[in-house]
There are 2 protein chains.
Amino acid sequence: MPSKSDPITMDAVYTAPGYLFRRMQQIAVAIFVEECKAYDLTPVQYASLVSIRTHPGIDATRLSAVIAFDRSTLGSVIERLEAKAYIERKPSPGDKRTKLLYLTKSGAALLRDIIPSVERAQARILQRLKPADRKTLLALLTQLVDLNNEASRVPLRAEDALEHLGRSG
Amino acid sequence: MPSKSDPITMDAVYTAPGYLFRRMQQIAVAIFVEECKAYDLTPVQYASLVSIRTHPGIDATRLSAVIAFDRSTLGSVIERLEAKAYIERKPSPGDKRTKLLYLTKSGAALLRDIIPSVERAQARILQRLKPADRKTLLALLTQLVDLNNEASRVPLRAEDALEHLGRSG
DNA sequence: TCCATATTGTAAGTATGCTGTCAATCGAGA
DNA sequence: TCTCGATTGACAGCATACTTACAATATGGA
């Protein structure tokens, strides 16, 4: 623990959790893009597609809560997925404000085909660690994300996905 | 390990290393910004300032290697730091292509003042873990970033910082 | 019913982070 | 010395990620 009078050096930057998480995010995205380059799909777009397949007819606001992405950002993500014809937006019968999201056949096919590449990418991220260390890191990471859920600007609300099925509560 | 025929569920997304690192990056940035909001400085701008203070007269390309940020992106970061008068760009006497970067008095003062907030932010990121787990996670994270250095689009090249002092060898 | 409040999608503005490309410049070898 | 290839900073373009704001719409309570 550095004292107040220590000059901050590059070493303090390199060992800061925030810096390390930034680097790992860069590395994880680079590996994902490399493994999936045949499909022209980003990690965010992939997560969105999986979520829409799991929750057909979800709206954009609920989708943002389910994958913990910013609501504003998600607008353009959805636009791009629609432009590539992987999803469809249909007006909600009950609420004129919302548009409901569905996978197209093309989107479902893409999702089926890309899975091996995505799994290869996820495996590669931790590959260079010893198997026991992989398990330890993944467990601590999962725990830390969960403990800090409320600290992020867009906390994960997985249960929100159920609401579009009709509010019985 | 899911088999080829398993449907991918949200759970597979939530437990993927790439997703977890993205979440932690979001969380770490949110905590940094919150702790440092009095200073109007982003994590990237902070790392740049520290690096320029450690290596006065460094050029933009070498700076990008030292903090592993993209060279194109760094251009606008430097612009913003210069607009806020935290750094100065001076033409290099030996090389008409490069501009050398220096902290201003104002930048040095800011760096001095902001350190407690930055340290508080970094501590907060891991705070909710048990002390032993913090050490374990940090060690594994450091190891993993190092092992995957070449996988990122902009590998860290800390030793590049020395080159601007004159090539003796 | 009417109205204050909330929600939804969208947009504008800022900041990373990456892909390219380009002109100016540099450096090394023929 | 001349020229070719590399380097440098700048720019354009795309994709996240956040902020605020806004209009349309919904909802709950007086």
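In what follows, every heavy atom counts, from backbone to side chain, and hydrogens, waters and symmetry copies are set aside. Here is how names work: the chains are called A, B, and so on, in the same order as the sequence lines, proteins then strands, and each is numbered from 1.
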**Student:** Check B:Glu82 with B:Lys90, please: is the shortest side-chain N to carboxylate O separation under 4.0 Å?
**Tutor:** no
**Student:** Between B:Arg128 and A:Leu147, is there a donor-acceptor pair closer than 3.5 Å when you use the side chain of the first and the backbone of the second?
**Tutor:** yes
**Student:** Within the 4.0 Å heavy-atom criterion, would you say A:Val77 contacts the bases, only the backbone, or no part of the nucleic acid?
**Tutor:** sugar-phosphate
**Student:** In whole Å, I'd like the distance from the CG atom of A:Asp40 to the C1' atom of D:dA15.
**Tutor:** 11 Å
**Student:** Looking only at side-chain N and O atoms, does A:Gln26 come under 4.0 Å of OP1 or OP2 in C:dT16?
**Tutor:** no
**Student:** Does A:Gln45 or A:Gly94 map to a spot on DNA chain D nearer the 5' end, using the closest nucleotide for each?
**Tutor:** A:Gln45
**Student:** Touch check for B:Thr73, heavy atoms < 4.0 angstrom, all strands: base, sugar-phosphate only, or nothing?
**Tutor:** base
**Student:** If each of B:Thr98 and A:Pro43 is mapped to the nucleotide of DNA chain D with the nearest heavy atom, which maps nearer the 5' terminus, i.e. the 5' end?
**Tutor:** B:Thr98
**Student:** Rounded to whole angstroms, how far apart are CG on B:Leu100 and P on D:dG9?
**Tutor:** 9 Å
**Student:** For a quick check of understanding: with a heavy-atom distance under 4.0 Å over all strands, which category does A:Val33 fall into, base, sugar-phosphate or nothing?
**Tutor:** nothing
**Student:** Charged N to carboxylate O below 4.0 Å: is that the case for A:Arg97 and A:Asp59?
**Tutor:** no
**Student:** How long is the line joining CZ of A:Arg80 and P of D:dG13, in whole Å?
**Tutor:** 16 Å
**Student:** Under a 3.5 Å threshold, yes or no: a donor from one side chain and an acceptor from the other, between A:Gln26 and A:Arg23?
**Tutor:** yes
**Student:** Rounded to whole angstroms, how far apart are CD1 on B:Ile31 and C1' on D:dC18?
**Tutor:** 16 Å
**Student:** As an exercise, state the distance from CD1 of B:Ile52 to CG of B:Leu111, rounded to the nearest 0.5 Å.
**Tutor:** 10.0 Å
**Student:** Taking the side chain of A:Thr61 as heavy atoms from C-beta outward, which of D:dT25, D:dA17, C:dT8 is closest to it?
**Tutor:** C:dT8
**Student:** Look at the side-chain N and O atoms of B:Arg22 and state whether any lies under 4.0 Å from the OP1 or OP2 oxygen of C:dT16.
**Tutor:** no
**Student:** Within the structure shown, what part of the strands sits under 4.0 Å from B:Val29 by heavy-atom distance: base, sugar-phosphate, or nothing?
**Tutor:** nothing
**Student:** Classify B:Asp95 by what it touches in the nucleic acid, base, sugar-phosphate, or nothing, heavy-atom distance under 4.0 Å.
**Tutor:** sugar-phosphate
**Student:** Just the rounded figure in Å: distance from P of C:dA11 to CG of A:Leu74.
**Tutor:** 14 Å
**Student:** Would you mind classifying the nucleic acid contact of B:Ser72 as base, sugar-phosphate or nothing, using non-hydrogen atoms under 4.0 angstrom?
**Tutor:** base
**Student:** Measure from CZ on A:Phe69 to C1' on C:dT16 and round the result to the nearest Å.
**Tutor:** 16 Å
**Student:** Of the candidate nucleotides D:dA17, C:dT19, C:dT16, which contains the atom at the shortest distance from the side chain of A:Gln25?
**Tutor:** D:dA17
**Student:** Applying salt bridge (Lys or Arg N to Asp or Glu O under 4.0 Å) to A:Lys99 and A:Glu79, what does each step give before you reach the verdict?
**Tutor:** CA-CA 12 Å; A:Lys99 298 175 183 175; A:Glu79 236 173 62; over 6 Å; no
**Student:** Looking only at side-chain atoms of B:Lys99, point me to the closest of D:dA15, D:dA17, D:dA10.
**Tutor:** D:dA10
**Student:** Relative to the 5' end of DNA chain C, which residue comes earlier, B:Ser76 or B:Arg97, by the nucleotide with the nearest heavy atom?
**Tutor:** B:Ser76
**Student:** Verify the contact: side-chain N or O of A:Arg62 to OP1 or OP2 of C:dT8, cut-off strictly under 4.0 Å; return yes or no.
**Tutor:** yes
**Student:** Take the protein atom CG of A:Asp70 and the nucleotide atom P of C:dT14, then report the distance between them rounded to whole Å.
**Tutor:** 17 Å
**Student:** Expressed as a whole number of angstroms, how long is the span from A:Lys96:NZ to C:dT7:C1'?
**Tutor:** 16 Å
**Student:** Is any side-chain nitrogen or oxygen of A:Arg71 closer than 4.0 Å to OP1 or OP2 of D:dT16?
**Tutor:** no
